Amino acid sequence: MAYKATIEEENKEIASRYKNLLKGTYQQLSKEDIVLIRNAFELAVEAHSQQRRKTGEPYIYHPIAVAKIVADEIGLGAVSIASALLHDVVEDTPTTIEEIEKQFGKTVAKIVNGLTKISHLKKEHNASIQAENFRKMLLTLHDDVRVIIIKIADRLHNMQTMDAMRPEKQAEKASETLYIYAPLAHRLGLYNIKTELEDLGLKYTEPDIYNAILNKITESKEEQEAYIKDFSNIIKESLDTEPFDYEIKGRSKSIYSIRKKMLKQDVTFYEVYDKFAIRIIYDIKGDDEKEEKFNAWKIYSIVTDHFQPNPLRLRDWITNPKSTGYEALHITVMGPKGKWVEVQIRSTRMNEIAEKGYAAHYKYKHQNEKETGLDDWLNKLKETLENQEINAVDFVENFKLSLYSKEIFVFTPNGELKPLPKGATALDFAFSIHTEVGMTCRGAKVNGKLKPLSHVLNSGDQVEIITSKNQKPTIGWLDFAVTARARTKIKAALKENEKIIAAEGKELLIRKLRHLKLTLNEKTVNELVNHFQLKTSFDLFYRFGTGAIENNQLKDFASTQSNSFFNFFKSKVKKVPLPNIHKEILTDKYDLLVFGKEEERLDYTHSICCNPIPGDKVFGFITINDGIKIHKKDCPNAVSLRAKFAYRIIKAKWIDSSKQEFKAIISLSGVDHVGIVNELTKIISDTLHVNIHNLNIASNDGIFQGKITVSVKNKTQLKTLTESLKKIEGIEKVTRSYKN
Ligand code: MN
């Protein structure tokens, strides 16, 4: 239906929508507040007067609707309402940010500026640029978290009014919404908005599925209402004798979450058993926290008097609120007709926090002055964002995980409770205690038993971290550090260490070049970088620092330098640039694939179906005739291979061979004598500081044969090691072995 209205009708409609905006605010507005909002409204009407929405309607309907979401559903105050009204003014009209500041003050200007910056970020299909854009968007959290909240409201209204858009545009907006906006809304405790964003996201990405589920929900509505009535009737009598008022409501699961359940458990709509929950919301008088908690348990007691609870499904989010700020008591009971049903018990205050999230959370904050989970999260996020060194793709991935992740609670030795994301390891715990504890941790005692740092923690574990002054973060830690905090700190420490090695490498290079009658200047550095196919001078110095580039390789370079004839031809040959695998971190170079827990180098071929390239997440598949083939983790064949032939899957990962230690097997043989093993291990670990993983020596009639598995940084170190071993009395042969 085409849009049609006269100017008078439109003006009337604008005025009525504005009135309606002022009516439904969650926070009480003062006279000054109303003046501020009025002025913002007038400026927005004026500035957008020439613009129309895709539907043909006046553009101002959009900012009014966004302001309404901000005022009513999210419950923010006048500054946010005014900023929401102005959110597209600088972006779309000639009005400048300076004018906004002059008329509305610094705070409004700052928020509007943040929102303008976000809409300037270009839509990109390149994952790393897109990730960088999201990071920039989150950086506005530095200025004011209200920027993100208004942005979420803006996105919600755009999703609600997307029908006039082209289908490709719809799908694109919808996926972006599911990717970042819904998780953000969740993390800020805006549960209702998150649910709506997810449902709309599904509606435009998978319309058929969305409609099918929606129809089935509508069909079962009556039955559901009857069930809730049955349930209420049974507990009503007992609840009515209590001194507080209460309300019993049914709440359907969202379309999106039913869809998720169906996929995850591979079941039909009818087999998803908890399609709705029952909510009991009770009033409290005044601010009495104790009374509030006590009443929740009283209701629990009444409910379980009538219905058998499932002891495994009791969640007390009142004593330990979720870090999103959510509080409630959840139980699952065997309800009427022998059906399991979840019962959520909340006070009116808890209910407001559950529905409005952020604003309600701060409205009630005075009751409980200690740092809340939400503050804690915002602070940690700021800290992570401030670290410029981390790669944007990594950041957004981690960040997204941190938005949705379930939480576990672990205890410190003093019995203090620490929340961590599900899947967190002892190492994450160490970093959550203190950066210094993380940096120097060696192992952990979990419930009194010694465990490695990679040990995955469970709720209720008591964890004690063992530290050592000499310990330093290694690149291997990144394999099992889960929290953004730990990963950021580890990466920063590794970078710091690389800088030291590179500085040493530079000194070393200067000395070696002098030997070869060359000097280190910009020209030589550039030529060296090209010669060794590196990207930066830093990479070059670093590789000299670790010994990854050997003396004879440098000599090769020197000889090309003195050979002008060769250089003449070389200058004629066009250089083929190396593929750029990871632009974000210039020094990230994946040149070696290792397999299994022991990180062995094995022969392999690439599979044709997904063609993995260095740096991809991959796994190895042992074929019957063709040895090991590597597939990408997200290869379309991966799921069925993993399901059918789990025993033929071998772990694989790409590493930078110059940064990572690798395992090498050394075979040796010779004449046996007393103490030879002692001598061997002494040389390897004490003198050369190389780690031994495996030592296997067999002696037969005075002749011994052995295999030692060691971790070395590079070939130079391995060579030094084999040379030293050869010098031991009785040893005759030392070779590197490639087979176990
Ligand atoms: Mn907008």
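Note that the structure is predicted; figures quoted are calculated from it, not measured. Numbering of ligands and ligand atoms starts at 1, following listing order.
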For Glu46, all residues meeting salt bridge (Lys or Arg N to Asp or Glu O under 4.0 Å), sequence neighbours excluded: none

Charged tip of Lys356 within 45° of Tyr26 ring normal and under 6.0 Å: yes

Results of side chain to side chain donor-acceptor pair (under 3.5 Å) for Asn320 - residues two or more places apart only: none

Charged N-O contact under 4.0 Å between Lys260 and Glu198: no

Partners passing side chain to side chain donor-acceptor pair (under 3.5 Å) against Thr25 (at least two apart in sequence or in another chain): none

Atoms named by residue and atom, protein N, O or S, within reach of the Mn ion (ligand 1) (under 2.8 Å): His62 NE2, His87 NE2, Asp88 OD2, Asp154 OD1

Arg53 charged N/C atom sitting above Tyr61 aromatic ring, 6.0 Å / 45°: no

